[in-house]
Amino acid sequence: MATPHHPADHTPVTGNPYNAPGGHGYHPAPGSFTPAPGGYGTPAPTAHAQPACRACGGRSAGNFKIRSHVGILIVMRFEHLDGPFCRACGTAVVRQMTTRALCLGWWGPLSLVIFNPFTLLWNLFSYLKYSKLPPSPPAPGHVHLDAGRPVLRRPHAYVALIPLAWACWVVFQIVAHST
Ligand SMILES: [Zn+2]
């Protein structure tokens, strides 16, 4: 009575959500599972095969995945955003997601040692790839994503100095006590 149902037809539900009486052996019609169509609003293909920027519709776009990472104690979240993006929008997303990783990605053991360094390195390569694209004006009626300031001019990025200093101190202690 008091249990609300969410009849989401694309979510496989264990058990019979409709609680049919005597439902022993009852199965919904086969083929009722329909894969959801592409969740992202990918830009409509143009006459050319070249992809357009999904943010501004700019014509010179590349598709390089951009990552971010959140690691706090045992909670880890791996985030990524696929293109295609033009040079300006790709740079904006790299800056935003890299700053997020620099601020929130250090606070668990595996995140500190493995996942966040990997994320930052990945974004460095993505940034280099996007910066090699030719500048592209946005489609009519659209604008580029706000690039904002470079990562190293964002105060949140400097939160990374805390785990960095701590890691240096730990390495120093290990070296100092092993000799
Ligand atoms: Zn763009």
Side-chain angles (χ1 to χ4, degrees), residues 6 8-12 33-165 167:
H6 298 281
D9 59 358
H10 60 277
T11 308
F33 173 77
T34 52
Y40 282 111
T42 48
T46 55
H48 301 284
Q50 192 174 16
C53 174
R54 63 181 278 193
C56 74
R59 301 299 289 274
S60 299
N63 193 355
F64 313 118
K65 194 187 292 275
I66 303 168
R67 295 181 183 275
S68 190
H69 180 71
V70 176
I72 299 173
L73 297 178
I74 58 167
V75 177
M76 289 190 286
R77 200 160 70 207
F78 302 86
E79 303 166 338
H80 70 265
L81 202 54
D82 289 309
F85 290 113
C86 68
R87 174 180 171 152
C89 297
T91 301
V93 176
V94 167
R95 286 177 176 176
Q96 189 179 349
M97 294 186 76
T98 301
T99 305
R100 181 171 165 82
L102 282 168
C103 185
L104 298 175
W106 303 107
W107 311 105
L110 290 175
S111 300
L112 172 71
V113 178
I114 299 173
F115 296 122
N116 214 32
F118 166 79
T119 301
L120 297 174
L121 210 57
W122 179 285
N123 279 5
L124 178 63
F125 284 114
S126 288
Y127 170 75
L128 293 175
K129 286 175 180 172
Y130 278 113
S131 65
K132 283 178 184 164
L133 292 173
S136 167
H142 293 73
V143 292
H144 291 309
L145 294 177
D146 181 15
R149 288 184 287 181
V151 171
L152 294 181
R153 292 180 61 189
R154 300 182 183 210
H156 282 135
Y158 288 92
V159 171
L161 291 177
I162 299 169
L164 197 64

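Each ligand, and each atom within it, is numbered from 1 in the order the structure gives. By convention here, the first residue in the shown sequence is residue 1.
- Checked by atom type and distance alone, the side chain of Arg100 never pairs as donor or acceptor with a backbone atom of Arg95 at under 3.5 Å.
- When rounded to 10 degrees, the angle formed at the Zn ion (ligand 1) by SG (Cys86) and SG (Cys56) equals 110°.
- Annotation: side chain to side chain donor-acceptor pair (under 3.5 Å) contacts of Lys129 (sequence neighbours excluded): none.
- Between His69 and Phe78, the ring planes lie tilted relative to each other; the angle falls in the 30° to 60° range.
- Here Cys89 reaches the Zn ion (ligand 1): one of its N/O/S atoms is less than 2.8 Å from the metal.
- Asn116 and Ser111 share no donor-acceptor pair across their side chains, judged by distance under 3.5 Å alone.
- At a cut-off of 2.8 Å, Cys53 is counted among the residues with an N, O or S atom near the Zn ion (ligand 1).
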